[in-house]
Amino acid sequence: MHILASVAFVLFLSFCLGSIFALVVGFVLWRKISGYLETKREKELVAMRRYHKRLSTIVAELLSKANEIDQESQYVQSVVTADWLGFPPFGRQRSRAEPL
């Protein structure tokens, strides 16, 4: 009976220590993975902010150019043609060497 109690105690002790070890390993893994995901998210946010800044600049320039064209077109007394807007005549393809 004494040996059976000793074996049961050893099994119980190993179960407790194994559970504690599993909890510690699980916690460490959780911290590492959550840290990695947080770092990745921060990098993505920085990249998105840079992209947004570049895109905002481009859109502002396009809106400025569109406003200029609109203002100029108000003072033109005749019909606005595609050449005036910088487009090639209908049916003719623009070559790559030809400027806009």
Side-chain angles (χ1 to χ4, degrees):
M1 187 75 171
H2 182 60
I3 294 176
L4 187 59
S6 298
V7 170
F9 179 73
V10 169
L11 287 175
F12 176 73
L13 190 59
S14 64
F15 174 76
C16 290
L17 291 176
S19 297
I20 291 171
F21 180 74
L23 286 173
V24 169
V25 168
F27 178 74
V28 169
L29 285 176
W30 176 72
R31 293 287 293 165
K32 291 286 185 182
I33 291 171
S34 65
Y36 167 76
L37 292 176
E38 184 66 28
T39 303
K40 182 180 175 184
R41 181 176 175 272
E42 288 175 5
K43 287 179 182 178
E44 288 175 352
L45 285 173
V46 167
M48 291 287 272
R49 285 187 186 114
R50 277 192 217 137
Y51 178 74
H52 182 265
K53 186 176 179 182
R54 285 193 328 245
L55 192 61
S56 297
T57 304
I58 291 169
V59 168
E61 290 175 8
L62 287 173
L63 288 173
S64 155
K65 184 67 175 172
N67 190 30
E68 285 178 24
I69 291 173
D70 186 47
Q71 292 298 321
E72 289 176 14
S73 70
Q74 290 179 359
Y75 298 109
V76 175
Q77 299 299 322
S78 63
V79 176
V80 176
T81 64
D83 285 338
W84 183 81
L85 291 174
F87 297 115
F90 182 73
R92 182 176 147 241
Q93 295 292 330
R94 182 192 311 258
S95 70
R96 290 182 184 227
E98 186 178 336
L100 292 173

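Interatomic distance, CZ of Arg54 versus OG1 of Thr57, reported as 9.5 Å (0.5 Å rounding).
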Acceptor/donor pairs from residues 11-25 side chains to any protein atom, 3.5 angstrom cut, sequence neighbours excluded:
from  : atom 1 : to    : atom 2 : distance (Å)
Ser14 : OG     : Val10 : O      : 3.2
Ser14 : OG     : Leu11 : O      : 2.9
Ser19 : OG     : Phe15 : O      : 2.8

Name every donor-acceptor pair, under 3.5 Å, that has one atom in a side chain of residues 35-48 and the other anywhere in the protein, sequence neighbours excluded.
from  : atom 1 : to    : atom 2 : distance (Å)
Thr39 : OG1    : Gly35 : O      : 2.9

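The side chain to side chain contact (heavy atoms under 4.5 Å, CB included) test applied to Lys65 returns Glu68, Ile69, not counting sequence neighbours.
Annotation for Leu62: hydrophobic cluster partners, listed by chain and number, are Ile58 (ILVMFWY side-chain heavy atoms under 4.5 Å, direct or chained).
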